[in-house]
Asker: 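Dropping a structure here in structure tokens format, bear with me for questions.
In what follows, every heavy atom counts, from backbone to side chain, and hydrogens, waters and symmetry copies are set aside. In what follows, every chain begins at residue 1, and chains take the letters A, B, ... in the order their sequences are listed. Computed from a predicted structure; not experimentally measured.
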Amino acid sequence: MAEQKNSYYTQGLSVPETPAPGEEPAFWKQTHVVGKRLPRVDAYERVSGAAVYPSDITLPNMIYGAVLRCPHPHANVTKVDVSRAKKMPGVRAVITGQTPEAKKLKWKYNDYSGPLFDTHCRFEGEAVAAVAADTHFQAWDAVRAIDVAYEVLPFVADHNKALSDDAPDIHDSGNLVGTDEYERGDVARGFDAADVVLEQEYHTQSELHTPMELHGCVAGWDKDRLTLWESTQGVYAVQSEIAEILNLPLSKVRVIGHYMGGGFGSKLKPGKYTVLAALLARQSGRPVKLILTREETYLCTGNRPASTMHLKAGVKKDGTLTACDFTCTGPSGAYPAGGTALVDWQIRDLYACDNVRCASKDVYINAGPARPFRAPGHPQASWALEQMMDDLADKIGMDPVALRLKNIPEISQGRNQPYTTTGLKQCIEKGAEQFGWKKAVERAKAHNQTDTHIKRGVGMGACVWFVGGGGPPSTVIIKLFRDGSVNLNMGASDIGTGTKTVMAMVAAEELGVAPEVIQIEHADTETTQYATPSGGSKTVPTESPTVRNAAIAVKRQLLEMASEDLNVPASDLDYEGAQIISRNDKNKRIKVTDVSRLKKRGVVVGVGYRGPNPPKKSVNPFAAQFCELAVNTKTGEMQILRFLSANDSGRVLDRLTYDNQVFGGIVMGIGFGMTEFRQLDARQTGRLCNRNWHDYKLPTALDVPVDMESLPIEIDDPEANNTGTKGLGEPVTIPTAAAIANALFMATGIRFTRAPVNPIEMRRHLTAKKEG
Amino acid sequence: MQTIDITLTVNDQQQTLPVKSNDTLLEVIRDYLDLTGSKEGCGEGVCGSCTVLLDGHPVRACLTLALEADGCAVTTVEGLADEDTLSPLQQSFIDHGAVQCGFCTPGMLISAKALLDENPSPDRQKLRQALSGNICRCTGYAKIVDAVAHAARPESGCPDCHTKDSGGDHD
């Protein structure tokens, strides 16, 4: 690509045909830029230290905010006396529930709405007051000087006890958030038809997002206009929520989020801290920086809820699944927050089964509310379903891969409509082939026959992700300057996934320009276009077709302009590399950069909108993952030797950022399966025990497989959208933990139904097994 | 609070700064000198996002008092490039896709530089050990290890690299 670097409009590159006005663009057949490994367009900023994240912002006159948080899991605030704090050096604003501008404000959790400062604190970490001072030391000193009295209440921190009679009511309505039920076919008849029926209880732990950049923002007012520099996955989502809470016109809330240090679902919306920063800034008349401490983020910026699941499944000797009966209880936390959201989707949709029943119960506990976390609900049920599949396979003497291939559904059973495409079969089949599944199984089994305390195992799991097709709304603007260089303007955040890079490639492909001449402006509600938050694995399938539409809008206008120069109707014109040429008379041609009206006007502006998804079809990505590991049965240590992820996410736009998602997803799944758990002191204090990265263990560079492989399964999906893309960021982490559990079973003969399996758990089980 | 003058040579520039006794080196770098490349991920010495070189040794700037650094040379991520020409290590991070959200990247780069300064051709296990004090939540580390391995031995290409199956235009 080096030769393109200095030329604007590329010579000789074929440019996709421009559809006539009103017509949809044709599916790209051969691509020139898309599909390559393109390093990030903003990589220079990210490796040089030049990228400015919200937590790097310093404004003139800026002061620092800090929040007083309830130290009890359940308490009534009976007194908040700020008189001493207000007099402390440097203090410029103090806000409590009694502050007039805060008193009237509401804070929402799903359908629940309560006061911004609720005197009834239902979780450790609930905000009680906030302070802003000249330095952050002064702010924290003032927080400590606030005199608060609490009436400490009984708590419940275990979701399995939340509905028991002796559990205290967290809300007046009780501790049940809601239930969800689903049924198809006749489960009882399904079990009657089975040759083998198994049932098992499974548990998964609460997992915390812990992105590298702390949650927080800088808030500043220009009279009646609020500007927020927020570490967020969606600037427009922050804008709309803050405007609603503060009763401001959307136009008076500007949210900027150019760089952000990770979110994984926990930064899809503003935090209460965002509102507090805005109020402190208004009261003090100064910009306020309010970045939470790491400990605070552990308490109150969301989690993947724990789960207690029960799964009963039946299978015929030939491998046909006859019935699945699934129940799950999971905690929203102290407020409605999707404690069991999407938890049964794998059961409903992944494998063909006529008779399925699912029931889930979402309950309140005295702990921080959940937030969506990379594939909400999915890794939980995958932990149950994929282990059950292996147990069923074992009982009927069938290979686990073969059992799954036997049960590939033809349609989305959960939605009762066809998928646009499904690569589930190919992911399993080609993944197993590339992994060398059969040989690996034989090798591990032979190895385990030898007299060694190091045992080996291989395991797999597959998945479907609930959505991942993206969809409207989204608007993108592309400006093509008179020298052929391009400005791409979109509202979407690049949360580290490579959104900017991928969109530059799409624009480059459609316009025939080098990605290097595309400058991207993004994630600012004042200067860029409307976009929904980057989450749900929908950013690529939402934004890339929109970018393509914007590029086509540019091309159509250029053809109209060139028709004046060439005296040929626009419908007779098309692109040939950097030139516009008459289809009927090849002599009639003009370089794009010579088009008179472009030269005169200086710029062509193309607006693209995201069109609708295909009606009555489901757009979903699929994956299958395979792993091989070793267990030291003397010490309980485990080493993952290799991992392979086969992903059907439609067309690969940038193979480099694609593989990033795959490897990152696998490692996050390893964390879920082996190292991470939120530990509440459920019996005594109800407080969080592990509130830092020392006690809450993330995988490090030493814990990840030496050998990881990404295998894209590219299936043309012109129906999904005009770039043929589906989401990737979430399916890459869904079946990881279950694949590990299945490999651990082969290595040890122990079925680990409780996640995570760390060396202590492993050792405990090995000892129990030995003692019989 | 009383201030005390300290002398620091930050990215080859010597300067004298008045600091408070409770100022950390990270606060001095970020808030006094506006070098915001070094990040604060935890403020308690666990994540490594604030790693800088102090007289050539990697330290957690969030746990180092500014006073302790008096008379020392400090290298931050901003000191790795020669003007706007990136160091081979930084370039390797770009080429290998070792950067995602980028928040851990400055600390990773500094830890990697510290290793390579001491041991120009570490094996991959050494490399993993050297980076194991730096947390990354996005990448799964694979490409970071690749990037550092390649920077250490650019002449050997990427035989063990996770991008070896590319068929694309890598290397």
Asker: Test of understanding: with ring-ring contact (aromatic ring centres under 6.0 Å, His included), list the residues that count as partners of B/Phe103, not counting sequence neighbours.
Answerer: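 Once residues adjacent in sequence are excluded, the partners of B/Phe103 under the ring-ring contact (aromatic ring centres under 6.0 Å, His included) criterion are A/Tyr53.
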Asker: Between atom OG of A/Ser55 and atom CZ of B/Arg30, what is the distance when rounded to the nearest 0.5 Å?
Answerer: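 The CZ atom of B/Arg30 is 5.5 Å from OG of A/Ser55, to the nearest 0.5 Å.
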Asker: Given heavy-atom pairs under 4.5 angstrom as the criterion, report whether the side chain, backbone, both or neither of B/Val77 touches chain A.
Answerer: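 Both the backbone and the side chain of B/Val77 come within 4.5 Å of chain A.
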Asker: Among B/Ser87, B/Ala81, B/Cys47, which residue has the highest count of heavy-atom pairs closer than 4.5 Å to chain A?
Answerer: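 Top count of heavy-atom pairs under 4.5 Å with chain A: B/Cys47.
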Asker: With rounding to the nearest 0.5 angstrom, report the OH to CG distance, B/Tyr141 to A/Leu702.
Answerer: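 Here the rounded value is 9.5 Å.
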Asker: Counting only N and O atoms by type, is there a donor-acceptor contact under 3.5 Å from the side chain of B/Arg128 to the main-chain atoms of A/Asp703?
Answerer: no
Asker: Could you please state which residues from residues 60-71 of chain B sit under 4.5 angstrom from chain A, measuring non-hydrogen atom to non-hydrogen atom, sorted by number, or 'none'?
Answerer: none
Asker: Which answer fits B/Asn134, side chain, backbone, both or neither, if we ask what part of it has an atom under 4.5 Å from a heavy atom of chain A?
Answerer: neither
Asker: Taking all non-hydrogen atoms of both residues, which atom of B/Asp95 and which atom of A/Pro39 are closest, and how far apart?
Answerer: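 Heavy atoms of B/Asp95 and A/Pro39 come nearest at CA-CG, 4.5 Å.
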Asker: In terms of heavy-atom pairs under 4.5 Å, which option from B/Gly79, B/Ser38, B/Gly41 contacts chain A the most?
Answerer: B/Gly41
Asker: Measuring from atom OH of A/Tyr64 to atom CG of B/Asp31, what distance do you get when rounded to the nearest 0.5 angstrom?
Answerer: 5.0 Å
Asker: Pairs of donor and acceptor atoms involving the side chains of residues 1-14 of chain B, under 3.5 Å and at least two apart or interchain, shall be tabulated with distances.
Answerer:
{"from": "B/Asn11", "atom 1": "OD1", "to": "B/Thr76", "atom 2": "N", "distance (Å)": "2.9"}
{"from": "B/Asn11", "atom 1": "ND2", "to": "B/Thr76", "atom 2": "OG1", "distance (Å)": "2.9"}

Asker: Sort A/Phe264 into side chain, backbone, both or neither according to what part of it lies under 4.5 angstrom from a heavy atom of chain B.
Answerer: side chain
Asker: Checking A/Asp659 against B/Lys143 for the side chain to side chain contact (heavy atoms under 4.5 Å, CB included) test, could you report, in this order, the C-alpha distance in whole Å, the side-chain angles of both residues, the deciding distance, and whether it holds?
Answerer: CA-CA 9 Å; A/Asp659 289 355; B/Lys143 294 185 173 194; 3.2 Å; yes
Asker: Is it the backbone or the side chain of A/Thr657 that comes under 4.5 Å from a heavy atom of chain B, or both, or neither?
Answerer: neither
Asker: Any chance NZ of A/Lys430 has more than 12 other-residue heavy atoms, nucleotides or ligands included, within less than 6.0 Å?
Answerer: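 No - once you tally the heavy atoms of other residues, nucleotides and ligands closer than 6.0 Å, there are 12 at most.
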Asker: So A/Phe663 and B/Thr139, side chain to side chain contact (heavy atoms under 4.5 Å, CB included) or not? Walk me through it.
Answerer: CA-CA 6 Å; A/Phe663 298 148; B/Thr139 64; over 6 Å; no
Asker: Chain B contacts: which residues in residues 494-502 of chain A have a non-hydrogen atom closer than 4.5 Å to it?
Answerer: A/Ile495, A/Gly496
Asker: What part of B/Ile94 lies closer than 4.5 angstrom to a heavy atom of chain A: side chain, backbone, both or neither?
Answerer: both
Asker: For each of A/Arg40, A/Glu295, A/His694, tally heavy-atom pairs with chain B at distances under 4.5 Å, and name the one with the top tally.
Answerer: A/Arg40
Asker: With a 4.5 angstrom heavy-atom cut-off, could you sort out which part of B/Glu44 is near chain A: side chain, backbone, both or neither?
Answerer: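 Contact with chain A is through the side chain of B/Glu44 alone.
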Asker: Which bit of B/Leu86 comes within less than 4.5 Å of chain A, counting heavy atoms only: side chain, backbone, both or neither?
Answerer: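 B/Leu86 touches chain A through side-chain heavy atoms alone.
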Asker: Give the minimum heavy-atom separation between A/Leu208 and B/Arg137, together with the two atoms involved.
Answerer: O-NH2, 2.9 Å
Asker: Check A/Ser48 against B/Gln90 and note the closest heavy-atom contact, atom names and distance.
Answerer: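 So the minimum-distance heavy-atom pair works out to CA-NE2, 3.8 Å.
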Asker: Begin with the C-alpha distance, continue with both residues' side-chain angles, and end with the deciding distance and a verdict on side chain to side chain contact (heavy atoms under 4.5 Å, CB included) for B/Ser49 and A/Met212.
Answerer: CA-CA 8 Å; B/Ser49 304; A/Met212 296 308 295; 3.4 Å; yes
Asker: Do you know the tightest heavy-atom contact between B/Phe93 and A/Val47?
Answerer: CB-CG1, 4.1 Å
Asker: Within the side chain of A/Arg46, is there an N or O that forms a donor-acceptor pair under 3.5 Å with the backbone of B/Thr105?
Answerer: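 Pair absent, no side-chain N/O of A/Arg46 close to backbone of B/Thr105.
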Asker: Quick check on B/Glu118: does its CD atom have over 12 non-hydrogen neighbours (other residues, nucleotides or ligands) under 6.0 Å away?
Answerer: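 Incorrect, the count does not exceed 12.
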Asker: Counting heavy-atom pairs under 4.5 Å to chain B, which of A/Pro699, A/Pro211, A/Ala51 comes out on top?
Answerer: A/Pro699
Asker: Going through the distances and angles, do B/His96 and A/Leu656 end up as a side chain to side chain contact (heavy atoms under 4.5 Å, CB included)?
Answerer: CA-CA 8 Å; B/His96 286 80; A/Leu656 205 54; over 6 Å; no
Asker: Can you tell which of B/Asp84, B/Val145, B/Asp34, B/Leu35 has the highest number of heavy-atom pairs within less than 4.5 Å of chain A?
Answerer: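 Of the options given, most contacts go to B/Asp84.
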Asker: Do the side chains of B/Glu27 and A/Phe137 get nearer than 4.5 Å, heavy atoms only?
Answerer: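 With C-beta onward as the side chain, the pair touches.
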Asker: Quick one: does A/Asn660's side chain have a donor or acceptor within less than 3.5 Å of a partner on B/Gln100's backbone?
Answerer: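 Not confirmed, A/Asn660 side chain does not pair with B/Gln100 backbone.
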Asker: How close do B/Glu40 and A/Leu214 get, heavy atom to heavy atom, and via which atoms?
Answerer: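 Closest heavy-atom pair between B/Glu40 and A/Leu214: O-CD1, 3.9 Å.
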